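Everything on this sheet refers to the single structure shown next.
Worth knowing before you read on, the calculation uses all heavy atoms, side chains too, and leaves out hydrogens, waters and symmetry mates. Numbered from 1 within each chain, the chains take letters A, B, ... in sequence-line order. Fair warning: this is a prediction, and the values are worked out from it, not measured in the lab.
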Amino acid sequence: NAGVMQNPRHLVRRRGQEARLRCSPMKGHSHVYWYRQLPEEGLKFMVYLQKENIIDESGMPKERFSAEFPKEGPSILRIQQVVRGDSAAYFCASSQTGGSNQPQHFGDGTRLSIL
Amino acid sequence: AQKVTQAQTEISVVEKEDVTLDCVYETRDTTYYLFWYKQPPSGELVFLIRRNSFDEQNEISGRYSWNFQKSTSSFNFTITASQVVDSAVYFCALSEASSSNTGKLIFGQGTTLQVKP
C-alpha cells in the first residue's frame, strides 16, 4: 500500500503527557500537511512542511504543539502536556509538489483521546 | 477572508433518490481551487474532485456530478441514484493560489449524508 501512512490509529494519553503522531507520506511526495478535526467539526489546517523545513505554521497553536519532517523518516506532530481540548482526529496529507493546485492525499488519521 | 460554507448539516434520503450537497465559498483570489472529499464511517478521507477557478465546465463521473457556478460562488455536488454505500460525511474545500501558494485547504463543516435502504 503506497498511500499516506499514519500511526498510531488511536492514541490515549493522560493530561500532562506527551503525544507523538507519525506520518509517512506517499512514495515520491515530499510535502506534508497536518490538519485537526475536532468532534462534529470540519478539518482545520495546522502546518505545512517540506523536507526539513516548516513552510507555513499559521494554524498551529502557539504553545505545546510542534512539527517536524526530517530528511529521513516520517513527519512528527508533537503535543506536549496534553489537555482535554486536544482530543481530536489528526490527519496528515501529502502532495507531490505542494501548491494550491495539487490534490492532497490523506492518511486514515490518528484519533487522540485525553483522559 | 476565505471561507467555505456547507449549510446542510445532515441529509437523509432513501436509496435511489438523487441528492445535492451545497457548497458556497468566499475568496478574494482570482485563482483558486475547489475540492470535494468523502469521509466514510471508517474515518479516512477520500479525494473526489479538484476544480480550478478558470474551468466552469460541469463534470460527471459515474453517478457523481459537480456544478461550479462562479457567479454564485458555489460548487455543488450531486449524487444520482444514491446507494447505501454513499453514506458518509462530505467536505468541500478551497485552496487559494495567493502569493504564498502553500496549498493549505480551507474546509467547510461537512454534510452528513445518510442513505437508507
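- Contact residues of residues 106-115 of chain A toward chain B are A:F106, A:G107, A:D108, A:R111 (heavy-atom distance under 4.5 Å).
- With a threshold of 4.5 angstrom between heavy atoms, B:Q39 approaches chain A through side-chain atoms but not through N, CA, C or O.
- Atom CZ of A:R9 has more than 12 heavy atoms from other residues, nucleotides or ligands within 6.0 Å.
- Clustering ILVMFWY residues whenever any of their side-chain heavy atoms sit less than 4.5 angstrom apart, transitively, puts A:Y48 in a cluster other than the one holding A:V32.
- Contacts between residues 41-59 of chain B and chain A, counted as heavy-atom pairs separated by less than 4.5 Å, involve B:S42, B:G43, B:E44, B:L45, B:F47, B:R50.
- The local environment of NZ in B:K16 is sparse, with at most 12 non-hydrogen atoms from other residues, nucleotides or ligands closer than 6.0 Å.
- Hydrophobic clustering (side-chain heavy atoms under 4.5 Å, transitive across Ile, Leu, Val, Met, Phe, Trp, Tyr) groups B:W66 together with B:L94.
- Residue contact with chain B, scored on non-hydrogen atoms closer than 4.5 Å, involves the side chain of A:S58 exclusively.
- Not a single donor-acceptor pair under 3.5 Å links the side chain of A:Y35 to the backbone N or O of B:F107.
- Counting heavy atoms of neighbouring residues, nucleotides and ligands inside a 6.0 Å radius, atom CD of A:Q81 does not exceed 12 of them.
- Hydrophobic clustering (ILVMFWY, side-chain heavy atoms < 4.5 Å, transitive): B:Y64 and B:I11 are in one cluster.
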Report all side-chain donor-acceptor pairs from residues 69-76 of chain A shorter than 3.5 Å, counting only partners two or more places apart or in another chain.
| from | atom 1 | to | atom 2 | distance (Å) |
| --- | --- | --- | --- | --- |
| A:S75 | OG | A:W34 | NE1 | 3.0 |
| A:S75 | OG | A:E68 | O | 3.0 |

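- For residues 64-87 of chain B, the salt bridge (Lys or Arg N to Asp or Glu O under 4.0 Å) pairs, not counting sequence neighbours, are B:R63-B:D86.
- In this structure, B:Y32 is a member of the same hydrophobic cluster as B:F75, with clusters built from ILVMFWY side-chain heavy atoms closer than 4.5 Å.
- Taking each heavy atom of B:Y37 and A:Q104 in turn, the nearest pair found is OH-O, 2.8 Å.
- Hydrophobic clustering, with ILVMFWY side chains joined whenever heavy atoms are under 4.5 angstrom apart, groups B:W36 together with B:I79.
- Here the closest non-hydrogen pair linking B:F91 and A:Q37 is CZ-NE2, 3.4 Å.
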